[in-house]
Amino acid sequence: MYDAKLEVSKLLSKYAEGLNEQQLYDMLEVPPSPEMGDLALPCFKLSKHLRKPPVQIAESLAASMPKVDFIDKVEAVSGYVNIFLNRTIFVDKLLAEVLDTGKVFGSSDEGRGKNIVIDFSSPNIAKPFHIGHLRSTVIGNALYRMFKFMGYNCIGINYLGDWGTQFGKLIVAYKKWGDEDKVRKDLVKELVSLYVRFHEEAESDPSLEDEARYWFAQLEKGNEEALALWRWFVDISLEEYAKIYDVLGVKFDLFQGEAFFNDKMEPVVNELKAKGLLVESEGAMIVDLEDEDMPPCLILKSDGSTLYATRDITAAIYRKNTFDFYKCIYVTGVSQSLHFKQVFKVIEKMGYDWHKDLHHVPFGTVSIGGEKLATRTGKVILLEDLLTQAISKTAAIIEEKNADLPNKEEVACQMGVGAVIFSDLFSNRIKDVSFSWDEILNFDGETGPYVQYTHARACSVLRKAGGVELKAFDASLLKSDEEYSLAKTLADFPSKVKQALDELEPSIITRYLVDVAHDFNRFYHVHSILVEDEALRTSRLALTQAAKTVLKSGLELIGLSAPERV
RNA sequence: GCGCCUGUAGCUCAGUGGAUAGAGCGUUCGACUCCGACUCGAAAGGUCGCAGGUUCAACUCCUGUCAGGCGCACCA
């Protein structure tokens with residue numbers, strides 16, 4: 001891959017006293033405005049060492065630089081050495097590479113032979129899939145695709161919330177008020193209304209709580225009636241979630257919920273005990289983390305039953321043994337930050353050096369009008385409703401603008417869903433989100449449909465051009481600001497993917513796509529692509545093809561479709 | 001009370017210690033005989049929460065402080 005910055009730092013290292021290539025590479029930066037060049041070296045740090053004022057250093061450095069083909073101009077401006085690259089060479093190298101590598105442009109094989117476990121989505125069984133679950137799902141999915149792009153072998157695990165006292169409540173409610181046909185018909189909706197009813201009735205009749213505890217205990221003991229009902233609830237829920245995952249284009253390699261670990265926790269508890277980590281406190285068994293400035297990690301309740309942390313520690317060990325992961329990533333809300341810090345610390349204390357490969361990827365909280373989402377009070381927006389609305393709005397726009405589109409429904413779905421995913425991946429994941437119908441259904445500006453539309457527009461031009469041998473392009477014809485700036489942005493793709501992965505932050509790709517779309521649209525607006533002059537046409541088409549390639553790869557990395565016509 | 005996170009334009013947000021702090025929405029003005037106008041250009045809009053400190057240089061690092069969010073023992 002052509003890295004202009006690397007070439008420049010190689011060259012500079014011959015003239016900058018006491019600085020090696022790597023140091024110069026790290027010091028080189030992109031000036032705030034293109035009039036100041038493509039790369040700049042601030043000379044302030046050299047001042048002390050060289051005992052000369054920065055302005056003088058910059059000037060003598062600029063003067064000593066020899067004439068080379070890939071640099072057009074070197075200027076010294078108030079302490080900076082500004083470097084202007086040769087546009088033709090830059091564009092030539094970039095286009096040649098993108099045309100040559102195509103959809104693998106920006107990818108690598110750095111992950112070959114390494115397993116990445118990504119624990120994401122993980123909805124609670126018998127509860128509706130609402131917009132609160134969306135974030136884990138789309139962030140996890142984007143990370144999955146990004147790691148895969150870099151050659152890693154990914155294992156996406158849906159760690160379903162399929163165990164816990166709520167099943168005792170649900171069994172009681174179903175036995176008292178449930179109706180099999182109704183459940184078969186309305187699925188999770190009916191399970192939720194049973195759950196809600198349980199809480200309403202329990203207000204006036206506390207004995208219901210005891211019954212629920214009894215039935216959960218039965219479930220844990222393996223009572224067949226309880227187990228059968230539990231399995232049925234799980235199956236119903238999974239069936240419904242499957243539809244949503246299908247619409248979102250999300251796949252898992254494994255559905256392995258909490259229940260899976262029920263019979264695997266005891267050995268881990270024993271191990272904790274054997275390693276002298278387990279101590280009794282207020283009747284419960286804990287791992288004390290006071291020396292780590294953390295509250296204790298609860299392992300067993302005073303009645304001897306297990307807890308969230310017990311299960312997560314068990315699951316981590318199981319995953320390490322099963323997949324020998326290079327990294328294991330948990331995509332959950334920020335409210336679980338302390339929990340994961342404790343769990344990771346306990347694993348470290350158990351003597352497992354792979355604790356450093358465990359990563360919590362937190363994201364901010366979703367609220368509606370300042371209130372938190374809660375299934376119990378009905379304060380939720382179902383993802384299904386959101387997607388339906390987004391799709392029908394897109395369908396209406398297509399009907400208005402492009403009624404002759406052949407596969408309208410499919411495209412409406414791709415763009416409607418795309419809008420929702422894109423908006424969720426647009427800001428840094430740690431930011432809290434206040435849900436608003438207006439905002440999420442507004443497709444103007446920096447949105448998924450904008451990027452998808454731009455991609456389709458590029459496709460349209462290429463289609464119209466017919467089969468052209470793009471590799472015959474002449475980069476010297478692409479020297480305008482708009483063309484060069486688009487090429488520079490496209491060249492950033494590999495480093496953006498890398499950065500997004502380093503920071504486990506999909507929004508870096510999302511924002512980058514907006515930059516690409518914007519640069520392409522400006523280029524498109526200022527320059528005609530399908531011009532008479534064949535050489536010019538071929539060259540601009542090659543640039544269009546490169547933009548299309550990057551847009552498509554980028555969209556797919558964050559889990560969006562890139563339809564050719566919209 | 002303690003801990004973590006967040007505070008940047010009216011709103012939603014970008015911003016690897018470096019040059020004049022940037023987008024989108026909204027507002028105002030402008031560009032369609034033209035490859036798809038879900039487009040493009042321009043204007044207006046800022047004490048980067050506040051106060052200290054480090055530095056040649058701070059939105060960025062450190063300390064303090066204020067505001068909001070989240071968490072802090074038997075839920076997950």
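Only heavy atoms go into these numbers, but all of them, side chains included; no hydrogens, no water, no symmetry mates. Letters A, B, ... are given to chains in the order of the sequence lines, protein chains preceding strands, and every chain is numbered from 1. Bear in mind the structure is a predicted one, so any value in this text is a computation, not a measurement.
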Undergrad: Under 3.5 Å, is there any donor-acceptor pair linking the side chain of A:N82 to the base of B:rA19?
TA: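 It does, because a donor-acceptor pair links the side chain of A:N82 to the base of B:rA19 below 3.5 Å.
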
Undergrad: How would you label the contact of A:P31 with the nucleic acid (heavy atoms, under 4.0 Å): base, sugar-phosphate, or nothing?
TA: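 A:P31: base contact, heavy atoms under 4.0 Å.
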
Undergrad: Please determine, for the side chain of A:L298, which listed nucleotide (B:rU16, B:rA76, B:rA73) has the closest atom?
TA: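 Closest nucleotide among those given: B:rA73.
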
Undergrad: Which residue, A:M415 or A:L28, contacts RNA chain B at a nucleotide closer to its 5' end, judged by nearest heavy atom?
TA: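 Counting from the 5' end, the first nearest nucleotide belongs to A:L28.
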
Undergrad: Across the strands shown, which category fits A:A465 at heavy-atom distances under 4.0 angstrom: base, sugar-phosphate, nothing?
TA: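 Result for A:A465 = nothing.
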
Undergrad: Expressed in angstrom and rounded to an integer, what is the separation of A:L441 atom CG from B:rU12 atom P?
TA: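 These atoms are roughly 18 Å apart.
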
Undergrad: When you measure from the side chain of A:P32, which nucleotide among B:rA76, B:rG15, B:rA19 comes out closest?
TA: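 Nearest nucleotide to the side chain: B:rA19.
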
Undergrad: Classify A:P295 by what it touches in the nucleic acid, base, sugar-phosphate, or nothing, heavy-atom distance under 4.0 Å.
TA: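 Answer is sugar-phosphate: A:P295 comes under 4.0 Å of backbone atoms only.
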
Undergrad: What integer distance in Å separates A:H525:NE2 from B:rA37:P?
TA: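 A:H525 atom NE2 is separated from B:rA37 atom P by 9 Å.
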
Undergrad: Tell me which nucleotide among B:rG36, B:rU39, B:rC38 gets nearest to the side chain of A:Y450.
TA: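 For the A:Y450 side chain, the nearest candidate turns out to be B:rU39.
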
Undergrad: Below 30° counts as parallel, above 60° as perpendicular, anything between as tilted: where do the rings of A:Y330 and A:F340 land?
TA: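 Ring orientation, 0 to 90° scale: tilted.
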
Undergrad: What does A:S47 touch in the nucleic acid at a heavy-atom separation under 4.0 angstrom: a base, only the sugar-phosphate, or nothing?
TA: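 Nothing, no heavy atom under 4.0 Å.
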
Undergrad: Please report the distance, rounded to the nearest Å, between CD in A:Q414 and C1' in B:rC38.
TA: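 Distance check: A:Q414 CD to B:rC38 C1' gives 16 Å.
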
Undergrad: Can you confirm if the NZ or CZ of A:R319 lies within 45° of the ring axis of A:Y159 and under 6.0 Å from the centre of its six-membered ring?
TA: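 Yes, cation above the ring, under 6.0 Å and within 45°.
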
Undergrad: Tell me whether the side-chain N or O atoms of A:S302 pair up with the base of B:rA73 as donor and acceptor below 3.5 Å, since no angle test is needed here.
TA: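 No, the side chain and the base share no sub-3.5 Å donor-acceptor pair.
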
Undergrad: With the criterion being N/O to N/O and under 3.5 Å, what pairs connect the protein with nucleotides 23-26 of chain B, and how long is each?
TA:
{"residue": "B:rA23", "atom": "O2'", "partner": "A:E446", "partner atom": "OE2", "Å": "2.3"}
{"residue": "B:rG24", "atom": "O4'", "partner": "A:E446", "partner atom": "OE1", "Å": "3.1"}
{"residue": "B:rG24", "atom": "O4'", "partner": "A:E446", "partner atom": "OE2", "Å": "3.2"}
{"residue": "B:rG24", "atom": "O2'", "partner": "A:E446", "partner atom": "N", "Å": "3.3"}

Undergrad: Could you let me know what B:rU16 is paired to, Watson-Crick or G-U wobble, both distances under 3.5 Å, or none if it's on its own?
TA: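 Per the H-bond distance test, none.
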
Undergrad: Looking at A:R522 and A:E482, does any basic side-chain N land under 4.0 Å from a carboxylate oxygen?
TA: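 Salt bridge flag = no for A:E482 with A:R522.
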
Undergrad: Please name all residues satisfying side chain to side chain donor-acceptor pair (under 3.5 Å) with A:S33, sequence neighbours left out, ordered by chain then number.
TA: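 Residues passing side chain to side chain donor-acceptor pair (under 3.5 Å) with A:S33: A:E35.
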
Undergrad: Which nucleotide, in any strand shown, forms a Watson-Crick or G-U wobble pair with B:rG46, with both distances under 3.5 Å?
TA: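 Its partner: none found.
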
Undergrad: Between A:K341 and B:rG3, is there a side-chain N or O to OP1/OP2 distance below 4.0 Å?
TA: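 Answer no for this pair, as no side-chain N or O of A:K341 is under 4.0 Å from OP1 or OP2.
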
Undergrad: What are the atom names and distances for every N/O pair under 3.5 Å that joins the protein to nucleotides 8-11 of chain B?
TA:
none

Undergrad: From the options B:rA14, B:rG41, B:rG36, select the nucleotide whose nearest atom is closest to the side chain of A:R457.
TA: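 Taking heavy atoms from C-beta onward, the closest nucleotide is B:rG36.
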
Undergrad: At 4.0 Å (heavy atoms only), tell me whether A:H360 reaches a base, stays on the sugar-phosphate, or touches nothing.
TA: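 No contact.
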
Undergrad: For B:rG36, does either OP1 or OP2 sit under 4.0 Å from a side-chain N or O belonging to A:S460?
TA: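 Yes, within the criterion.
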
Undergrad: What's the closest nucleotide to the side chain of A:N521 if the choices are B:rC40, B:rC56, B:rU16?
TA: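 Nucleotide nearest to A:N521's side chain: B:rC40.
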
Undergrad: A:V526 near the nucleic acid: base, sugar-phosphate alone, or nothing, with a heavy-atom cut-off under 4.0 Å?
TA: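 No contact.
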
Undergrad: To the nearest Å, give me how far apart CG (A:D519) and P (B:rG22) are.
TA: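 Whole-Å distance recorded here is 16 Å.
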
Undergrad: So, A:E292 and A:K341, do they make that salt bridge, N to O below 4.0 Å?
TA: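 Looking at A:K341 together with A:E292, the answer is no, because their closest N to O distance does not fall below 4.0 Å.
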
Undergrad: Could you please name the option among B:rC74, B:rG71, B:rG41 that lies closest to any side-chain atom of A:L338?
TA: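 Minimum distance to the A:L338 side chain belongs to B:rG71.
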
Undergrad: Just compare B:rC38, B:rG36, B:rC72 and give me whichever is closest to any side-chain atom of A:P449.
TA: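 Nearest listed nucleotide: B:rC38.
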
Undergrad: Counting side-chain heavy atoms from C-beta on, which of B:rA76, B:rC74, B:rA37 comes nearest to A:Q336?
TA: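 Of all the options, the side chain of A:Q336 is nearest to B:rA76.
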
Undergrad: Rounded to whole angstroms, how far apart are CG on A:D502 and P on B:rU16?
TA: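 Those two atoms, CG and P, are 14 Å apart.
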
Undergrad: In the strands shown, is B:rG24 matched to any nucleotide by a Watson-Crick or G-U wobble pair with both distances under 3.5 Å, and which?
TA: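 Per the H-bond distance test, B:rC11.
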
Undergrad: Would you say that A:V8 contacts A:L12 through its side chain, given a criterion of any heavy-atom pair below 4.5 Å between the two side chains?
TA: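 A:V8 reaches A:L12 side chain to side chain.
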
Undergrad: Whole angstrom is fine here: how far is it from CD in A:E290 over to P in B:rC72?
TA: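 Whole-Å distance recorded here is 18 Å.
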
Undergrad: Taking all non-hydrogen atoms of both residues, which atom of A:S237 and which atom of A:L191 are closest, and how far apart?
TA: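 Answer, listing the atom of A:S237 first, then A:L191: OG-CD1, 4.3 Å.
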
Undergrad: When you measure only distances, ignoring hydrogens and angles, does the side chain of A:T365 come within 3.5 Å of the base of B:rG69 through a donor and an acceptor?
TA: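 No, no donor-acceptor pair under 3.5 Å.
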
Undergrad: Are A:K552 and A:E564 close enough for a salt bridge, meaning some N to O gap below 4.0 Å?
TA: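 No.
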
Undergrad: Check every strand shown and say whether A:R565 touches a base, only sugar-phosphate, or nothing at a heavy-atom separation below 4.0 Å.
TA: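 A:R565: base contact, heavy atoms under 4.0 Å.
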
Undergrad: Which nucleotide, in any strand shown, forms a Watson-Crick or G-U wobble pair with B:rA58, with both distances under 3.5 Å?
TA: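 Its partner is none (no Watson-Crick or G-U wobble pair with both distances under 3.5 Å).
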
Undergrad: NE2 of A:H455 versus P of B:rG36: gap in Å, rounded?
TA: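 From A:H455 NE2 to B:rG36 P: 15 Å.
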
Undergrad: With heavy atoms under 4.0 Å as the rule, sort A:T454 into base, sugar-phosphate or nothing.
TA: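 Nothing, no heavy atom under 4.0 Å.
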
Undergrad: Mind checking who B:rA31 pairs with, Watson-Crick or G-U wobble, both distances under 3.5 Å?
TA: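 Across any shown strand, B:rA31 pairs with B:rU39.
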
Undergrad: Describe the nucleic acid contact of A:D293 in one word from base, sugar-phosphate, nothing, applying a heavy-atom distance below 4.0 Å.
TA: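 It contacts nothing in the nucleic acid.
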
Undergrad: Show the numbers, then the answer: is there a salt bridge (Lys or Arg N to Asp or Glu O under 4.0 Å) between A:E532 and A:R537?
TA: CA-CA 7 Å; A:E532 285 290 315; A:R537 185 173 69 229; over 6 Å; no

Undergrad: Below the 4.0 Å mark, does B:rG36 have OP1 or OP2 next to a side-chain nitrogen or oxygen of A:N402?
TA: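 It does not, given that no N or O in the side chain of A:N402 lies less than 4.0 Å from OP1 or OP2 of B:rG36.
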
Undergrad: Could you check which nucleotide pairs with B:rC4 in any of the strands shown, counting Watson-Crick or G-U wobble with both distances under 3.5 Å?
TA: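 Pairing partner: B:rG69.
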
Undergrad: Walk me through it: do A:L219 and A:W215 pass the test side-chain contact (heavy atoms from CB on, under 4.5 Å)?
TA: CA-CA 6 Å; A:L219 191 58; A:W215 275 104; over 6 Å; no

Undergrad: Under 4.0 Å, counting only non-hydrogen atoms across every strand here, what does A:I397 touch: a base, just sugar-phosphate, or nothing?
TA: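 Base: the residue A:I397, judged by heavy atoms under 4.0 Å, touches a nucleobase.
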
Undergrad: Nearest to the side chain of A:S427 - B:rA14, B:rG41, B:rC74?
TA: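 Taking heavy atoms from C-beta onward, the closest nucleotide is B:rA14.
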
Undergrad: What's A:Q452 touching, base or sugar-phosphate or nothing? Going by heavy atoms closer than 4.0 Å.
TA: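 The residue A:Q452 makes no contact with any strand.
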
Undergrad: If the plane angle is over 60° it's perpendicular, under 30° parallel, otherwise tilted; pick one for A:W230 and A:W163.
TA: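 Ring orientation of A:W230 relative to A:W163: perpendicular.
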
Undergrad: Decide, yes or no, whether a salt bridge links A:K349 with A:D291 under the criterion of side-chain N to carboxylate O below 4.0 Å.
TA: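 Salt bridge between A:K349 and A:D291, a charged N being under 4.0 Å from a carboxylate O: yes.
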
Undergrad: Measure from the ring center of A:F443 to the ring center of A:Y450 and say whether it is less than 6.0 Å.
TA: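 For A:F443 and A:Y450, the ring centres are not under 6.0 Å apart.
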
Undergrad: What is the separation between atom NE2 on A:H339 and atom C1' on B:rC70, rounded to the nearest whole Å?
TA: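 In whole Å, B:rC70 C1' and A:H339 NE2 are 15 Å from each other.
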
